[in-house]
Amino acid sequence: MINFWASWCDPCQEEAPLLEREWLASRSRGVLFLGVDQSDAADEARAFLKRFRVSYPILREDGESTSLTWGVRGYPVTFFLAADGHVVGELIGQLQARSFEQALAAARRDTPTS
C-alpha cells in the first residue's frame with residue numbers, strides 16, 4: 001500500500017488514525033505500508049507524524065516528481081499493490097475503513113479492486 005499525503009491536507013489528517021490502526025493490524029500478516037509526503041515543509045511533516053503517531057515507513061520528497069510519476073493529482077490518494085508490485089487498485093480521497101480493508105484483501109488475492 002502506498003499512500004500519498006501532505007500535512008496541510010485535511011482529509012489526510014482525518015485518515016491518519018485509520019492508516020496507523022490498519023498498519024499495526026496488518027504488518028504481522030506481511031502487508032507493507034509506505035507513506036509518501038509531498039509538497040510539505042520538513043518541520044510540518046515531522047509534526048504530522050508525531051501528532052498521529054505514524055509508525056509505518058514514510059518517504060518525504062521536496063517537490064512532486066514521484067506523485068507525477070504515479071499520476072497523483074490531489075491528496076490523499078492510496079495505491080494497492082499485489083505482492084509482485086503491480087497496482088491492483090487506487091482509492092482517491094479520504095480512506096474509509098471498509099473500502100480500505102476490501103482493497104487490502106484484493107491486493108493480497110492479486111485481483112483488481114472493485
Side-chain angles (χ1 to χ4, degrees):
M1 186 268 342
I2 301 174
N3 175 260
F4 288 84
W5 62 277
S7 66
W8 45 263
C9 162
D10 290 338
C12 300
Q13 295 173 27
E14 293 293 323
E15 75 179 11
L18 169 67
L19 282 168
E20 182 62 18
R21 278 193 310 273
E22 291 292 338
W23 160 245
L24 294 173
S26 301
R27 66 184 177 177
S28 65
R29 296 188 309 246
V31 177
L32 301 176
F33 280 40
L34 177 64
V36 181
D37 176 40
Q38 300 277 194
S39 302
D40 228 343
D43 290 345
E44 296 298 323
R46 280 192 288 276
F48 179 98
L49 297 174
K50 183 176 180 179
R51 176 180 174 201
F52 294 107
R53 298 183 178 136
V54 174
S55 63
Y56 54 89
I58 299 291
L59 297 176
R60 183 179 169 280
E61 179 180 36
D62 289 328
E64 298 180 345
S65 64
T66 303
S67 61
L68 292 173
T69 299
W70 281 80
V72 174
R73 293 187 178 94
Y75 305 110
V77 63
T78 306
F79 294 92
F80 295 85
L81 291 77
D84 68 0
H86 74 275
V87 176
V88 297
E90 174 184 7
L91 294 176
I92 298 169
Q94 181 180 335
L95 295 170
Q96 303 300 316
R98 183 180 169 118
S99 58
F100 185 81
E101 290 166 7
Q102 290 172 340
L104 275 181
R108 283 196 292 274
R109 291 189 312 268
D110 191 7
T111 59
T113 58
S114 48

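Only this structure's heavy atoms are used, side chains among them; waters, hydrogens and symmetry mates stay out.
Cluster membership for F80 and L24, using ILVMFWY side-chain heavy atoms within less than 4.5 angstrom, is shared. Hydrophobic clustering of Ile, Leu, Val, Met, Phe, Trp and Tyr side chains at less than 4.5 Å, counting indirect connections, keeps L68 apart from F4. When the side chains of ILVMFWY residues are joined at heavy-atom separations under 4.5 Å, either directly or via intervening members, I58 and V31 end up in a single hydrophobic cluster. Both F79 and L34 are members of a single hydrophobic cluster when ILVMFWY side chains are connected at heavy-atom separations under 4.5 Å. Hydrophobic clustering places L91 together with W23 (ILVMFWY residues linked when any side-chain heavy atoms are closer than 4.5 Å, directly or through intermediates).
Atom CD of residue E22 and atom OH of residue Y56 lie 11.0 Å apart, to the nearest 0.5 angstrom. The CZ atom of R109 lies 10.5 Å from the CG atom of L104; values are rounded to the nearest 0.5 Å. Here the straight-line distance linking atom CD of Q13 with atom CD of Q94 works out to 10.5 Å at 0.5 Å rounding. Of the inter-residue distances, the one linking F100 atom CZ with S26 atom OG reads 6.5 Å to the nearest 0.5 angstrom. Between Q96 atom CD and E14 atom CD the span is 9.5 Å, to the nearest 0.5 Å. How far CE of M1 is from CG of L32: 9.5 Å, rounded to the nearest 0.5 Å.
Remark: side-chain polar atoms of E61 are paired, donor with acceptor, to backbone N or O of T66 under 3.5 angstrom. When atom types are taken as modelled, the side chain of E20 and the backbone of S55 share a donor-acceptor pair closer than 3.5 angstrom. Listed for the D40 side chain is a donor-acceptor partner under 3.5 Å among the backbone atoms of S7. The closest donor-acceptor contact from the side chain of Q38 to the backbone of A6 lies at 3.5 Å or more, if one exists at all.
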Legend entry - Chi angles and distances behind the side-chain contact (heavy atoms from CB on, under 4.5 Å) call for L19, V54: CA-CA 8 Å; L19 282 168; V54 174; over 6 Å; no
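Checking each of F48, F33, F52 against W5 for a ring pair (Phe, Tyr, Trp, His ring centres under 6.0 Å) leaves exactly one that passes, namely F48.
Taking a cutoff of 4.0 Å between a charged side-chain nitrogen and a carboxylate oxygen, D62 and R60 qualify as a salt bridge.
Considering every non-hydrogen atom in both W8 and S39, the closest pair reads NE1-O, 3.0 Å. Between A107 and V88, the shortest heavy-atom contact is CA-CG2, 3.6 Å.
With a 4.5 Å cut-off on side-chain heavy atoms, V36 and S67 do not count as touching.
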